[in-house]
Undergrad: 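My structure is below; once you've seen it, I'll send some questions.
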Amino acid sequence: HAALSRRYVLCEVVSEDPRCRQCIEDRVLGLAVRDAIARVHGDYGLACCSISFTVKYLNAYTGTVLLRCRKDSYRLLCSALPFVRHLESRGQRYPCSLNTLHVGGTIRTCQKFLIQYNRTQLLRLLQNCTNEEERQCIQKSLLSCSLTEEQSESGDEEDDDGTE
């Protein structure tokens, strides 16, 4: 169990369609990724990637997604992600793409990367501020970009809940 290495792939769902946010769900996203893997790498690639593949974390509001797979198949997974072109929910297709932000060995390294990434995005917004109210709001958000001690002690280093 401990010898089974995993990789965590941090992505963001990018879409012009505001309705796409409402269909970002574990199941829908998992199906879209599996479909892309099957199209790019066939049944063999899908079988390799499906072992321990799961959507570990998902935030529909920010479009942030954390995927988990085996270390030996993360390249197959990552190479298929650009081929996710839409999410399908309740018979509707919403065009989107998955932008890979980071690949890490632990959930924690992905969290740290995401904090840095969000901070950089906020700094860009800050430079483009048009009024003082916006500026203060973004500066407040910047100050909140950190992992609290409470989060870091939750033992999520290799968050394996045994569901395979």
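What you see is a predicted model; the values in this text were computed from it and never measured.
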Undergrad: For residues R70 and S52, report the shortest heavy-atom separation together with the two atoms involved.
TA: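 Heavy atoms only, the tightest pair is CG-OG, 3.3 Å.
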Undergrad: Are there more than 12 heavy atoms of other residues, nucleotides or ligands under 6.0 Å from atom CG of D43?
TA: no
Undergrad: Scan side-chain atoms only and decide if Q127 and R124 contain a donor-acceptor pair under the 3.5 Å cut-off.
TA: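 R124 and Q127 do not have a side-chain donor-acceptor pair below 3.5 Å.
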Undergrad: Cut-off 3.5 Å, side chains only: do Q22 and R19 have a donor facing an acceptor?
TA: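 Side chains of Q22 and R19: no pair found under 3.5 Å.
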Undergrad: May I ask you to check whether over 12 heavy atoms, not counting those of F83, lie within 6.0 Å of atom CZ?
TA: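 No, not enclosed.
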Undergrad: Report yes if some heavy atom in the side chain of V65 is under 4.5 Å from a heavy atom in the side chain of V55; otherwise report no.
TA: yes
Undergrad: For G105 and R7, work out which heavy atoms get closest and say how close.
TA: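 Closest approach of G105 to R7: CA-NH1, 3.5 Å.
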Undergrad: Nearest 0.5 Å, what's the OG1-CG distance between T64 and L101?
TA: 7.5 Å
Undergrad: When rounded to the nearest 0.5 angstrom, what is the spacing between OG1 in T54 and CG in L66?
TA: 9.5 Å
Undergrad: Quick one: closest heavy-atom pair of C20 and S15, and the distance?
TA: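 Heavy atoms of C20 and S15 come nearest at CB-OG, 3.4 Å.
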Undergrad: Working note: Y8 + K56, criterion side-chain contact (heavy atoms from CB on, under 4.5 Å); need CA distance, chi angles, decisive distance, verdict.
TA: CA-CA 8 Å; Y8 295 89; K56 265 319 246 187; 3.9 Å; yes
Undergrad: Tell me, with the steps shown, if T100 and L10 meet side-chain contact (heavy atoms from CB on, under 4.5 Å).
TA: CA-CA 6 Å; T100 303; L10 184 66; over 6 Å; no
Undergrad: Can you tell if the side chain of Q136 reaches within under 4.5 Å of the side chain of K140, non-hydrogen atoms only?
TA: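 Q136 does not reach K140 side chain to side chain.
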Undergrad: So, using salt bridge (charged side-chain N to carboxylate O under 4.0 Å, His left out) as the criterion, who are the partners of R39 when residues are at least two apart?
TA: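 For R39 the salt bridge (charged side-chain N to carboxylate O under 4.0 Å, His left out) partners, ignoring immediate neighbours, are D35.
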Undergrad: Return the minimal non-hydrogen interatomic distance between Q92 and Y94, and the atom names on each side.
TA: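 Nearest pair, atom of Q92 first, then Y94: CB-OH, 3.5 Å.
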Undergrad: First locate atom OG of S97, then atom CZ of R85, and finally report the distance between them rounded to the nearest 0.5 Å.
TA: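 S97 OG to R85 CZ: 7.5 Å, rounded to 0.5 Å.
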Undergrad: From H102 NE2 over to E12 CD, what is the distance, rounded to the nearest 0.5 angstrom?
TA: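 Here the rounded value is 14.0 Å.
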Undergrad: Please check if the number of heavy atoms outside E132 that lie under 6.0 Å from its CD is greater than 12.
TA: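 Correct, the count exceeds 12.
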Undergrad: Less than 4.0 angstrom from a charged side-chain N to a carboxylate O is my criterion; do R27 and E88 meet it?
TA: no
Undergrad: At their closest point, which heavy atom of I24 faces which heavy atom of G63, and how far apart are they?
TA: CD1-CA, 4.3 Å
Undergrad: Out of curiosity, F53 CZ to L76 CG, how far, rounded to the nearest 0.5 Å?
TA: 12.5 Å
Undergrad: Linking I/L/V/M/F/W/Y whenever their side-chain heavy atoms sit closer than 4.5 Å, directly or via other members, would L98 and V28 fall into one cluster?
TA: yes
Undergrad: Stepwise, does the side-chain contact (heavy atoms from CB on, under 4.5 Å) test hold for L29 with L67?
TA: CA-CA 10 Å; L29 204 98; L67 305 172; 4.1 Å; yes
Undergrad: Check whether any side-chain heavy atom of C11 lies under 4.5 Å from a side-chain heavy atom of L81, and answer yes or no.
TA: yes
Undergrad: H41 vs C49, test: side-chain contact (heavy atoms from CB on, under 4.5 Å). Steps then yes/no.
TA: CA-CA 10 Å; H41 299 295; C49 290; 5.7 Å; no
Undergrad: Write down the atom of T109, the atom of G104, and the distance for their closest heavy-atom approach.
TA: OG1-CA, 3.7 Å
Undergrad: Within this structure, what is the CZ-CG distance for the pair R68 and L77, rounded to the nearest 0.5 Å?
TA: 12.0 Å
Undergrad: Counting C-beta onward and ignoring hydrogens, is there a side-chain heavy-atom pair between V9 and C78 closer than 4.5 Å?
TA: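 Of all side-chain heavy-atom pairs linking C78 with V9, at least one is under 4.5 Å.
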Undergrad: Working note: E25 + R90, criterion salt bridge (Lys or Arg N to Asp or Glu O under 4.0 Å); need CA distance, chi angles, decisive distance, verdict.
TA: CA-CA 12 Å; E25 302 165 5; R90 295 174 200 89; 3.7 Å; yes
